Amino acid sequence: MKICEILAVLNARLLTPDADLEVDVHAACGSDMMSDVLAYVKDQGVLLTGLNNPQVVRTADMMDMVCIVFVRGKMPGEAILELAAARDIAVLTTDQTMFSACGLLYEKGLRGGTSHV
Amino acid sequence: MSEAITLRYTVPGDDFTRAGEASADVKRNLKRMGVDREAVRKAAIALYEGEINLAIHAGGGEITVTLTPDTIVMLLEDHGPGIPDISLAMSEGWSTAPDEVRSLGFGAGMGLPNMKKYSDRFDIQSTVGVGTTIRMEVDLA
């Protein structure tokens, strides 16, 4: 699924205007606990989260993720967006809840991927 | 590459938002040097968890990363409170992190277990009131 499709499915807003929306992602994960993302995630290109701080971007960067979706209408600050843009990570925000956002993407074919080292 | 390359960082203990800067820099440098992608990923995650721990628990510390022809060696040293029971601290889900840290997405008791999980060799030495030293090694493919 391309990032532009995620944008459409979640009726989301793009917060990093220079992001490449044609990048293809094959799996996603949803979590507010970055420790769990670091522990259990592998090869997921998208992180859905309600957590709103710079460690979200740093975690995504460590995991080679290409897209962060802030759920529940969370709006990251300028410093977070700059950090993401510098790492070529697309940042989206959607009013959907975590459960609904994950469900909508799953319905369209995005899966959870593998979850081990 | 015939000689070892060393990178050194000081992790501040008073600014959690900056925790991760050193790990990101290490990752960037290792990738630029053409180090195996999977080894870089493992080392970066292990180091990031360690850096978070330095900021949360130890009041900051020092990171030294050495790249040899076949291994990434990461040394984390602090002069924090030390760990009274290392085997307990190594068990998944056990944490002494305050609620404030949990609200930032960490402190779930996965830090040390993650560091061990992503390392090919892991050693931790700690003395209460003196500090903690962790050595992690990731082999290059």
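What you see is a predicted model, and the numbers here were worked out from it, not measured in a lab.
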Part of [X] within contact of chain A (heavy atom distance under 4.5 Å):
{"X": "B/Phe106", "answer": "both"}
{"X": "B/Glu92", "answer": "side chain"}
{"X": "B/Arg18", "answer": "backbone"}
{"X": "B/Ser23", "answer": "both"}

Report task. Tell me the residues of residues 58-94 of chain A whose non-hydrogen atoms fall below 4.5 Å from those of chain B, in number order. Result -> A/Arg58, A/Thr59, A/Asp61, A/Met62, A/Met63, A/Asp64, A/Arg87
**Report entry** Most contacts with chain A, counted as non-hydrogen pairs under 4.5 angstrom, among B/Asn114, B/Ile45, B/Leu47
**Finding:** B/Asn114
**Report entry** B/Thr71 (side chain) donor-acceptor with B/Val73 (main chain) under 3.5 angstrom
**Finding:** no
Query raised in the report: Does B/Leu75 offer a backbone N or O that forms a donor-acceptor pair with the side chain of B/Thr64 under 3.5 Å?
Result: no
Which atom pairs, one a donor and one an acceptor, fall under 3.5 Å between side chains of residues 81-90 of chain B and the rest of the protein, sequence neighbours left out?
residue : atom : partner : partner atom : Å
B/Asp85 : OD1  : B/Ser87 : N            : 3.3
B/Asp85 : OD1  : B/Ser87 : OG           : 2.9
B/Asp85 : OD1  : B/Leu88 : N            : 3.1

**Report entry** Heavy-atom contact with chain B under 4.5 Å, split by part of A/Leu38
**Finding:** both
Query - Interchain contact, A/Asp36 with chain B, by part (heavy-atom threshold 4.5 Å) - result: side chain
Report task. Starting from the C-alpha separation in whole Å, work towards a yes-or-no answer on side-chain contact (heavy atoms from CB on, under 4.5 Å) for A/Gln55 and B/Ile52. Result -> CA-CA 10 Å; A/Gln55 300 307 336; B/Ile52 293 286; 3.9 Å; yes
Query raised in the report: Regarding B/Asp70 and B/Thr68, is there a side-chain donor-to-acceptor distance under 3.5 Å anywhere?
Result: yes
**Report entry** Shared hydrophobic cluster for A/Leu15 and A/Ile6 (ILVMFWY, side-chain gaps under 4.5 Å)
**Finding:** no
Query raised in the report: Do the side chains of A/Leu104 and A/Leu10 get nearer than 4.5 Å, heavy atoms only?
Result: yes
Report task. Would you give the length of the straight line joining atom CE of B/Met74 to atom CD1 of B/Ile134, rounded to the nearest 0.5 angstrom? Result -> 11.0 Å
Report summary line: Scanning both residues in full, the closest heavy-atom pair of A/Met98 with A/Ser31 reads CE-N, 3.5 Å
